[in-house]
Asker: 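My questions will all concern the structure given below.
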Amino acid sequence: IRIYRTLRRVEEILKKNLAKESFALQGSLAEPEQNTFLSRFVDAMNDDLNTPNAIALIFEKITDMNKTADAGEGEKEARSLEQDLGQLRAAAEVLGILEERPEAFFETVATPSSKVDPAEIEALIEKRAKARTEKNFAMADDIRKLLKEKGIVLEDGPKGTSWRYDI
């Protein structure tokens with residue numbers, strides 16, 4: 001799930017910054033440069049298919065991609081993320097993982113335990129935002145807890161509050 005969250009985030013940054021260009025997300029394992037993610041991945045696979053190390057490298061790459069995304073969402077970061085995404089997909093293809101688009105993955109696994117109306121969630125988020133503005137933090141916390149009980153996680157960020165199913 002962590003990997004797919006990062007992939008969704010990266011794809012949103014790429015769409016925003018590189019929307020007018022078609023960007024290739026392909027990487028190649030043919031002859032990777034020395035001491036890069038892909039060369040280390042190839043070394044792990046050549047070491048009797050050391051998949052635990054290969055998967056650890058994928059999680060390291062995800063961490064690096066999140067750090068790049070945290071640094072900003074400009075064109076420079078988008079170009080770096082574009083390259084990282086291509087390399088990640090090339091490695092993942094070897095392992096037979098990450099074959100779904102993030103949207104499809106989350107639609108598949110995001111079946112809430114109870115039926116929750118997205119309009120109701122948005123209304124509660126607005127009510128929580130108003131409570132926070134009025135410094136009524138107890139009410140804001142109660143709304144967060146209520147949504148958590150319904151299987152909804154709130155994520156506060158510089159662009160406001162977003163929500164996702166707790167999966």
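Keep in mind that the numbers below use all heavy atoms, side chains included, and drop hydrogens, waters and symmetry copies.
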Asker: Is it the case that one hydrophobic cluster holds both Val94 and Leu85, taking links as side-chain heavy atoms less than 4.5 Å apart, direct or via other members?
Answerer: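 Yes, Val94 connects to Leu85 through the hydrophobic network.
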
Asker: Here's a test for you: under salt bridge (Lys or Arg N to Asp or Glu O under 4.0 Å), which of Arg9, Arg144, Arg164 qualifies with Glu155?
Answerer: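 Checked Arg9, Arg144, Arg164 against Glu155; only one passes salt bridge (Lys or Arg N to Asp or Glu O under 4.0 Å): Arg164.
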
Asker: Assess whether salt bridge (Lys or Arg N to Asp or Glu O under 4.0 Å) is satisfied between Glu12 and Lys16, documenting all intermediate values.
Answerer: CA-CA 6 Å; Glu12 288 171 2; Lys16 183 175 19 171; over 6 Å; no

Asker: Do you know which two heavy atoms are closest between Phe41 and Ala91, and how far apart they sit?
Answerer: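 The answer is CZ-O, 3.3 Å.
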
Asker: Compare all side-chain heavy atoms of Arg40 with those of Glu60 and state whether any distance is below 4.5 angstrom.
Answerer: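 They are in side-chain contact.
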
Asker: Would you confirm whether Thr36, through its side chain, and Ser39, through its main-chain N or O, come within 3.5 Å as a donor-acceptor pair?
Answerer: yes

Asker: Does the side chain to side chain contact (heavy atoms under 4.5 Å, CB included) test come out yes or no for Met45 and Leu95, once each step is laid out?
Answerer: CA-CA 10 Å; Met45 295 308 290; Leu95 296 174; 3.9 Å; yes

Asker: Which value, rounded to the nearest 0.5 Å, describes the distance between Asp64 atom CG and Phe59 atom CZ?
Answerer: 13.5 Å

Asker: How about Asp156 and Arg128: do any of their side-chain heavy atoms sit closer than 4.5 Å?
Answerer: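 Yes - at least one pair of side-chain heavy atoms lies under 4.5 Å apart.
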
Asker: Going from CD on Gln83 to CZ on Phe37, what distance comes out if it is rounded to the nearest 0.5 angstrom?
Answerer: 11.5 Å

Asker: Nearest 0.5 angstrom please: Asp84 CG to Arg79 CZ, how far?
Answerer: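 That separation rounds to 13.5 Å.
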
Asker: Side chain to side chain contact (heavy atoms under 4.5 Å, CB included) for Leu7 and Phe105? Distances and angles first, verdict last.
Answerer: CA-CA 11 Å; Leu7 292 178; Phe105 172 79; over 6 Å; no

Asker: To the nearest 0.5 angstrom, please state how far the CD1 atom of Ile3 sits from the CD1 atom of Ile55.
Answerer: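 Here the interatomic distance stands at 8.5 Å.
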
Asker: As a quick check of understanding, evaluate side chain to side chain contact (heavy atoms under 4.5 Å, CB included) for Glu120 and Leu124, giving each step before the final call.
Answerer: CA-CA 6 Å; Glu120 176 188 356; Leu124 286 169; 4.3 Å; yes

Asker: If you compare all heavy atoms of Ala44 against all heavy atoms of Leu57, which two are closest, and at what distance to 0.1 Å?
Answerer: CB-CD1, 4.3 Å

Asker: Would the distance check show the side chain of Asn17 and the main-chain N or O of Ile13 forming a donor-acceptor pair, the cut-off being under 3.5 Å?
Answerer: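 Judged by distance alone, yes, a pair lies under 3.5 Å.
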
Asker: Are Trp163 and Val153 grouped together when hydrophobic residues (ILVMFWY) are joined by side-chain heavy atoms under 4.5 angstrom apart?
Answerer: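 No; tracing contacts between hydrophobic side chains, which count when under 4.5 Å, never links both residues.
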
Asker: Any side-chain heavy atom of Leu146 sitting closer than 4.5 Å to one from Ile152?
Answerer: no

Asker: Please give me the minimum heavy-atom distance between Ala131 and Ala140, naming the atom from each residue.
Answerer: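 Looks like CB-N, 4.1 Å.
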
Asker: Looking only at atom types and distance, does a side-chain atom of Asn50 sit under 3.5 Å from a main-chain N or O of Asn53, one as donor and one as acceptor?
Answerer: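 Yes, because the side chain of Asn50 sits within donor-acceptor range (under 3.5 Å) of the backbone of Asn53.
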
Asker: Between Glu93 and Glu99, is the side chain to side chain contact (heavy atoms under 4.5 Å, CB included) condition met? List the steps.
Answerer: CA-CA 7 Å; Glu93 186 177 346; Glu99 294 176 341; over 6 Å; no

Asker: Charged N to carboxylate O under 4.0 angstrom, Arg132 versus Asp141?
Answerer: no

Asker: So, Thr6 side chain and Arg2 main chain: donor-acceptor pair closer than 3.5 Å or not?
Answerer: yes

Asker: Distance from Gln87 atom CD to Leu38 atom CG, nearest 0.5 Å?
Answerer: 4.5 Å

Asker: Between Glu11 and Arg89, is there a side-chain N and carboxylate O pair less than 4.0 Å apart?
Answerer: yes

Asker: So, taking the atom named NZ in Lys145 and the one named CD1 in Ile143, what distance separates them when rounded to the nearest 0.5 Å?
Answerer: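 One gets 12.0 Å once the value is rounded to the nearest 0.5 Å.
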
